[in-house]
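The next block holds one structure in the form of structure tokens; read it before the comments.
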Protein chains: 2
Amino acid sequence: MPSYKYARPAVTVDNIIFTIQEERLKILLINRGIEPFKSSLALPGGFVRVDESLADAAKRELTEETSLSDFHIKMFGMFDDINRDPRDRVITIGFYAIIPSHDIDIAAGSDAENVDWYDFNDIPALAFDHNSIVTAAFNALKQDLENSSIAALFLDDEFTLAEFQNVYEIILTKKVDKRNFRKSILADNLLIKTDNMKSGGQHRPAALYKIASGENEKSAVDNNNFPSLNVKKTNNDSTDELYQKGYNKGLEKGYVSGFKNALSKTNKALSRLKPDIGS
Amino acid sequence: MPSYKYARPAVTVDNIIFTIQEERLKILLINRGIEPFKSSLALPGGFVRVDESLADAAKRELTEETSLSDFHIKMFGMFDDINRDPRDRVITIGFYAIIPSHDIDIAAGSDAENVDWYDFNDIPALAFDHNSIVTAAFNALKQDLENSSIAALFLDDEFTLAEFQNVYEIILTKKVDKRNFRKSILADNLLIKTDNMKSGGQHRPAALYKIASGENEKSAVDNNNFPSLNVKKTNNDSTDELYQKGYNKGLEKGYVSGFKNALSKTNKALSRLKPDIGS
DNA sequence: CCAAAAGTGTTTTTCGTACACCCATGG
DNA sequence: CCATGGGTGTACGAAAAACACTTTTGG
């Protein structure tokens, strides 16, 4: 029973697990079995152990909750209101994860009684301050969508540009001009064309693309903090290039505008969002 | 002597206090009096109490260290390496503060033996991982500089555009085209012209500007999390405008690119950074 | 041969950038 | 009257945005 000279806040992680299912953005929620907020929906999460980093804690919880492994996670914020948990002083750090559609059944099936997917546009009142956390996660997701190739994480390893564009349109709830989108995406060199085609519909087959992994392709799978996903290059000088630990760890290969938006070409990214007036 | 069922990490805050002195960006460092890293330089900071938020803890420490009050602070990152403190598992949250030049003497004078200003471009090896934290703080500062009017916090309440521009040039270490800078700044409506002029030099007097506080002007002084500093408006829709708690609290009135950035007009901001070739 | 999605270029507009001269003051 | 910084507008080029038709397949 560890004791300390001064009281300490508890530290937890909460995970927002995004996926796309039936053309809708969804997140995983659990039905709380205990008070407080018993039988409310809540984000999966748990306490951080003293021998693990925050990201490791998030991944451990994710594996417990979904029985998947090899997550791509991203720290996006922290929540520290004194009274956010009525039982104790709890500081929580938010991570979001992206699960490709083909893993949905595995993820939600692990503990079907208590775990299910919910449409992002129809989230009920959640336990604690979890609605705020969900909102923050979504804002981070949208921003990262503009500045990296994370949209590919919703898809199979190889995907068509139409599928890729569809991820943007679903998450940003905007139609995009196809020609400008393709021009912009390909100019960023975040994707590379494979030799494979996707046939199937009664229409012309589409070329399959994959994310242009920075160094080697394996690292895209092994590392769980989005590091090998390409981040848009920017004209950084000197200090910008220093390794920035901590919060931005997940995007360490580029500048995180992110939160701001770092100084990446945000306007360029926005060009994809304009509705397709033509045709 | 509080005790818990499971061991808990300690939670601390560390403050990077920026100011401009003699045309140089400086930060406040303390000389550690105790092991580990005894007599190394380090960031001011301390433990978070269970009855205070992270921001309150940062402000409390700031007041203790500088004997100033009413700080503008911004949470910019967290640092959670398991071994970052050899004594214990310590998670720290970084805040930066900006102090106007006219408060420098007060700030550093409170505990002159151990506290002093150091040129940002000449920071020695610091205790713990504090060099990483300083780098992250600087990146956040640069980014916020592009997306809000925080540059004004280095100055008096009213200031000339030349002084304002000078803040950018010092922090970004780049010369800026005067005409483009003024055009860009004024187009953002982050500043408003006062009726006052600054005379003095043997040249034409300069118009004084102040930050265009969002609602009322007092809140710019009262609130310590940069909330009333104007943040560049962006074309957000629906969900973007939801209140985003937690990490981005300091900029809640706008979109935080920032970190991440958000989707503000970063390119526009960058235009100010181009050297002034002319004249 | 027809429906349905894949794929592809050009024009227009907007925005970033370079650039030079007159103004008001103090000494 | 002159040295010093304050203050202003325009023209050019690059990038974003609008926009429509041909191609390839399956049924």
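Note that this is a predicted model, so its numbers are computed, not measured. Letters go in sequence order (proteins before strands), and every chain restarts at 1.
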Can you tell me the distance, in whole Å, between the [atom1] atom of [X] and the [atom2] atom of [N]?
| X | N | atom1 | atom2 | value |
| --- | --- | --- | --- | --- |
| A:L186 | C:dG7 | CG | P | 10 Å |
| A:K193 | C:dA6 | NZ | P | 13 Å |
| B:I185 | D:dG7 | CD1 | P | 14 Å |
| A:D188 | D:dA15 | CG | P | 13 Å |
| B:M197 | C:dG26 | CE | P | 11 Å |
| B:F181 | C:dA18 | CZ | P | 16 Å |
| A:F164 | C:dA6 | CZ | P | 15 Å |
| B:D177 | C:dA20 | CG | P | 11 Å |

(Q) Testing the basics here: between A:L155 and A:P100, what is the closest heavy-atom pair and its distance to 0.1 Å? (A)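 Heavy-atom minimum between the residues: O-CB, 3.7 Å.
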Selection from [options] that lies nearest to any side-chain heavy atom of [X]:
| X | options | answer |
| --- | --- | --- |
| A:K178 | C:dA6, D:dG6, C:dC19 | C:dA6 |
| A:Q202 | C:dA6, D:dG26, D:dG6 | D:dG26 |
| A:R179 | D:dT24, D:dT4, C:dT8 | C:dT8 |
| A:R182 | C:dA24, D:dT10, C:dA6 | C:dA6 |
| A:A207 | C:dG7, C:dG9, D:dG7 | C:dG7 |
| A:N180 | D:dA18, D:dG7, C:dT8 | D:dA18 |

Q | Base of C:dT10 paired with side chain of A:K183 (donor-acceptor, under 3.5 Å) | A |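 A donor-acceptor contact between them is present.
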Q: State, with a plain yes or no, whether a side-chain heavy atom of A:F159 is found less than 4.5 Å away from one of A:F154.
A: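 Side-chain contact under 4.5 Å: no.
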Q.
Aromatic contact between B:Y168 and B:F181, with the criterion being ring centroids under 6.0 Å apart: yes or no?
A.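 Between B:Y168 and B:F181, the centre distance is under 6.0 Å.
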Q) Do the side chain of B:D156 and the main chain of B:E158 share a donor and acceptor less than 3.5 angstrom apart? A)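 No; judged by distance alone, with no hydrogens or angles, the pair does not exist.
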Q | Given DNA chain C, 5'-ward residue of the pair A:H203 and A:Y209, judged by closest heavy atom | A |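 Nearer the 5' end of the strand: A:H203.
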Q. Should we count CG of A:N196 as having more than 12 external heavy atoms under 6.0 Å?
A.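 Above 12, so yes.
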